[in-house]
Protein chains: 2
Amino acid sequence: MPPAIKSQQRVSRMNLSGQIAEQLREDVLTGALLPNAQLNEKELALSFGVSRGPLREAMQRLIQEGLLRSEPHRGVFVAEMSEADLTDIYFVRAAIETAAAKQLVTSRNTETISSQLSRISEKMDKAVHAKRWKDGSELDFEFHRSLVDAAGSKRLSKTYMTVQAETRLSLHRLMGGYRRSEELAEEHFRFADILKNGDLTETLDELDRHFGDPVAIMRRARHSDSSEYRKSSIE
Amino acid sequence: MPPAIKSQQRVSRMNLSGQIAEQLREDVLTGALLPNAQLNEKELALSFGVSRGPLREAMQRLIQEGLLRSEPHRGVFVAEMSEADLTDIYFVRAAIETAAAKQLVTSRNTETISSQLSRISEKMDKAVHAKRWKDGSELDFEFHRSLVDAAGSKRLSKTYMTVQAETRLSLHRLMGGYRRSEELAEEHFRFADILKNGDLTETLDELDRHFGDPVAIMRRARHSDSSEYRKSSIE
DNA sequence: AATTGTAGGATTGTTGACAATCCTACAAAA
DNA sequence: TTTTGTAGGATTGTCAACAATCCTACAATT
């Protein structure tokens with residue numbers, strides 16, 4: 001008599017609106033839906049093969065999340081970040097990453113995460129040297145998200161996910177696209193090393209340096225086509 | 001010929017789902033809807049005098065916001081905070097308030113806000129001496145929200161609003177209700193004074209002290225009916 | 001007694017139709 | 001020429017009905 005099957009995995013319940021919300025979120029984040037584009041309910045419902053009801057419910061979720069913007073009776077649009085938005089995003093990202101780093105250092109819990117961050121930095125190094133700028137950018141996002149996730153705060157991670165999404169929305173219009181610099185990985189390696197040392201002041205100082213200044217980033221993006229922040233033709 | 005009327009006030013567009021979301025949010029925050037209570041769509045739609053569609057849309061907003069919890073095919077419930085949640089909430093609140101205070105101090109922008117905080121502390125003092133504990137608690141919330149708002153970051157304020165709402169949801173079950181201590185206002189006066197001085201290290205240290213430890217708060221709430229954290233009969 | 005199967009009722013999820021709103025184009029009036 | 005009014009079409013907002021799912025109670029089976 002074989003042992004009874006005992007699954008450790010609970011069945012996940014998800015209705016149409018949940019599935020649609022996930023897909024829409026992905027479409028926004030990957031650029032399939034561009035900033036300021038209108039989401040036409042009739043067309044979208046048709047293309048998802050559902051009625052407008054669950055589509056509207058899904059959109060309400062993303063509106064509350066900040067990825068979409070609703071104008072009652074006019075429609076729903078992909079959110080578009082202004083320069084003031086990006087400045088705010090950088091401020092909040094800094095607050096979050098600072099809190100996460102501080103938590104990791106003060107609880108002497110930097111070993112595992114700094115190894116993980118170094119591994120991501122290695123992959124980033126390969127990507128930038130192969131001029132795969134999009135991949136480099138994705139790994140950059142992953143690096144920072146990993147740092148925040150390592151602090152173990154559900155809410156901090158959720159908030160960070162939102163502001164990271166908003167950073168992605170800002171990338172091409174305000175920040176000049178993917179950063180095209182082979183120094184990208186070095187900076188990240190350096191931070192991982194400093195974090196490993198467990199010195200709070202150094203860690204926080206390096207984090208400050210790492211962030212850069214959103215105003216300067218935007219100015220460079222506006223003024224130079226040869227800027228290191230440019231949408232890659234490889235993409 | 002009288003001058004043409006030129007209103008500075010744009011007309012606000014709000015549909016049913018927006019209005020319902022606001023009302024539901026208020027009901028959750030004021031305790032009209034208790035943690036873990038189920039929201040029955042049919043009844044609620046009837047009592048709001050609308051169909052279930054906009055009600056569902058409103059609920060999606062609050063679900064994404066974290067005030068409600070959805071179990072597909074079973075219903076929507078008012079979120080209930082666990083002890084782990086409250087610990088996390090305190091962590092995020094600390095991160096946010098720390099970032100706000102730091103911003104205010106480093107930009108030498110503490111004059112106006114410290115005056116405002118002192119005024120709130122005065123009102124708090126009156127409330128606690130009149131044993132209006134609920135009022136004291138509300139003013140406590142207002143104090144902290146004002147501090148964060150003064151930093152001028154839309155996203156920081158929005159995130160804070162959410163974790164503050166979650167703190168309210170935790171108040172009676174995990175924290176023993178309103179804090180009943182006449183020291184409440186003193187602590188807040190003290191913080192306002194230190195903020196006014198503009199010394200970053202002192203400000204951040206005082207903030208740390210001010211927060212207290214969520215674990216200790218919960219332990220006290222569990223172990224003592226004469227605790228200073230108890231639901232007021234005056235309420 | 002414990003387990004499985006079934007039916008009914010309550011509630012949630014989805015759909016399609018109708019109502020409401022907005023925008024655009026065009027005509028009429030000043 | 002400019003301003004105002006109107007109609008039509010497109011899109012969004014809401015509604016009521018039907019479908020799907022879950023839960024509970026009870027009966028049948030082991």
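The chains referred to below are lettered A, B, ... by the order of the sequence lines, with proteins before strands, and numbering in each begins at 1. The basis for the numbers below is simple: all heavy atoms, side chains too, and nothing from hydrogens, waters or symmetry mates. A quick note: this is a predicted structure, and the numbers were derived from the prediction, not measured.
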Any pair counted as salt bridge (Lys or Arg N to Asp or Glu O under 4.0 Å), so long as it reaches residues 161-170 of chain B, sequence neighbours left out: A:Arg155-B:Glu166, B:Glu138-B:Arg168

In B/S/- notation (B base, S sugar-phosphate only, - none; protein heavy atoms under 4.0 Å), nucleotides 9-20 of chain D written 5' to 3' is --SBBBB-B---

B:Thr87: partners by side-chain hydrogen bond (donor to acceptor under 3.5 Å, both in side chains), with sequence neighbours left out: none

Holding to salt bridge (Lys or Arg N to Asp or Glu O under 4.0 Å), I want the full list of residues that pass it with A:Arg69, two or more places apart in sequence or in another chain. A:Glu71

Which pairs, with at least one residue in residues 14-31 of chain B and sequence neighbours excluded, count as a salt bridge (Lys or Arg N to Asp or Glu O under 4.0 Å)? B:Arg25-B:Glu65

Which residues pass the salt bridge (Lys or Arg N to Asp or Glu O under 4.0 Å) test with A:Arg61, sequence neighbours left out? none

